[in-house]
Amino acid sequence: MMVSPVPMATFILGAILKRSKKIWADNYTNTTVIDGRTNIKADSNAYLVDTGKQLYLIDTGSGKVLGPTMGKMLANLKAAGYQPEDVDKIMLTHAHPDHINGLVLDDQMVFPNATVYLKQSDYDLWVNILPNLKSLLAPYEQKDQCVLFNDGDPIADGITAIPLPGHSIGHTGYQIESAGHKLFAWGDIIHDADVQLANLDVEVVIGKMDEKRIAIEIATAKKTVEQVASTQELVAGAHLPFPALATLLRTRQPRATASFPYIIMTLIN
């Protein structure tokens, strides 16, 4: 697991903002206001799955593009005893910079033996918006090591791609199963667990407001949180607090003003 803080801009209005500020204060969350938006710092995580036969990496971090506190994935990978040459497959949750920019360093493939998987619809959306998306994927495409997949396409033994639209049109989670156990890597379903698990109608936004997209993202988050809380499966969240592995459990006592009042998060060390 690789973690670095990443600033997140939040759009929270009225009474919800007041409650959110109280949550931040109670949890000693660092906040700053930039261009009228309240910003917090959130962890940014990637996940290495070692099956004993192959190595799969879920997301690659931000490389050098998001400042000195980011881009620690490669160093952390090596510190864990692995080399980038060891990675067999890379499964991208979506094409935002904090998830894909670790693919290339100084115009060279960071993972020379890995095949990269990205959902086709996410590529189609971002290829004309993010100027470096083509260059990030190009060295992998030249070696026939890039797969743009669609719903239902196979990814890897024991791993299923789950569509989680909203945060991005092709936003994808990965269900990992082994020996009867499950881990759900849900990408960017939650950015601020303290605030959003208290009220899943709160949207954390990077960039332009898009009411239709926000409605889809909130609906996806609610459905996903309910599912994970019901199954009590382990969840891996790209922006959950380190160590970013958690279970969501229902409590017996509701929390006031919460849209999902019976759900709490327990981090797994």
Side-chain angles (χ1 to χ4, degrees), residues 1-6 8 10 20 23-24 26-30 40-50 56-61 70 72-73 76-77 80 91-94 96 98-99 158-164 166-167 171-204 217-255 258-269:
M1 184 186 307
M2 302 77 190
V3 57
S4 299
V6 56
M8 294 290 170
T10 60
S20 299
I23 292 173
W24 290 330
D26 289 345
N27 291 308
Y28 303 98
T29 302
N30 232 353
I40 66 170
K41 284 189 175 181
D43 291 337
S44 183
N45 306 290
Y47 296 88
L48 188 69
V49 180
D50 188 345
Y56 305 141
L57 184 63
I58 299 176
D59 289 332
T60 67
M70 293 286 285
K72 309 298 185 183
M73 187 279 301
N76 289 339
L77 179 75
M91 299 151 195
L92 300 172
T93 57
H94 57 301
H96 286 171
D98 55 320
H99 297 261
I159 298 185
T160 303
I162 307 295
L164 299 172
H167 181 67
H171 184 238
T172 299
Y174 294 96
Q175 181 77 66
I176 303 162
E177 299 185 51
S178 177
H181 300 284
K182 292 183 179 181
L183 170 66
F184 186 29
W186 72 10
D188 283 15
I189 286 292
I190 294 290
H191 289 83
D192 184 341
D194 293 328
V195 169
Q196 289 178 280
L197 287 179
N199 187 348
L200 281 167
D201 286 312
V202 172
E203 161 64 352
V204 176
E217 181 171 6
I218 288 174
T220 297
K222 288 180 176 180
K223 179 181 177 181
T224 303
V225 167
E226 281 279 24
Q227 171 197 318
V228 171
S230 297
T231 61
Q232 295 187 16
E233 65 191 280
L234 195 62
V235 65
H239 299 296
L240 292 182
F242 186 83
L245 296 171
T247 55
L248 301 184
L249 303 175
R250 296 180 180 279
T251 65
R252 293 177 179 235
Q253 297 298 322
R255 294 173 296 155
S259 61
F260 279 70
Y262 294 94
I263 293 178
I264 60 172
M265 181 178 71
T266 302
L267 291 172
I268 307 300
N269 292 310

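- Under the rule for a side-chain hydrogen bond (donor to acceptor under 3.5 Å, both in side chains), the partners of Thr93 that lie at least two apart in sequence or sit in another chain are Asp59, His99.
- Side chains of Asn45 and His239: a donor-acceptor N/O pair is absent below 3.5 angstrom, by distance only.
- Closest approach of Ile176 and Ile159 over heavy atoms only: CG1-CG1, 4.0 Å.
- Distance CG/Leu57 to CG/Leu77: 7.0 Å, rounded to 0.5 Å.
- Looking only at side-chain heavy atoms (C-beta outward), Trp186 and Thr224 come within less than 4.5 Å of each other.
- Note: Tyr56 OH to Tyr174 OH = 13.0 Å, rounded to the nearest 0.5 Å.
- Ile162 places a side-chain heavy atom less than 4.5 Å from the side chain of Gln175.
- Residue Leu234 forms a side-chain contact (heavy atoms from CB on, under 4.5 Å) with just one option from Leu248, Leu183, Val228, and that option is Leu183.
- The two residues Thr172 and Ala161 make their nearest non-hydrogen contact at CG2-CB, 3.8 Å.
- Rounded to the nearest 0.5 angstrom, Lys223 NZ and Leu164 CG are separated by 9.0 Å.
- Ser178 is linked by a side chain to side chain contact (heavy atoms under 4.5 Å, CB included) to nothing, counting only residues two or more places apart in sequence or in another chain.
- Of the inter-residue distances, the one linking Met91 atom CE with Thr60 atom OG1 reads 13.5 Å to the nearest 0.5 angstrom.
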Test side-chain hydrogen bond (donor to acceptor under 3.5 Å, both in side chains) on Asp188 and His171 and set out the steps. CA-CA 8 Å; Asp188 283 15; His171 184 238; 4.9 Å; no
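- Between His96 and His167, the ring-plane angle classifies as perpendicular under the 30° and 60° cut-offs.
- Closest non-hydrogen pair, Tyr47 versus Ala238, comes out as OH-N, 4.3 Å.
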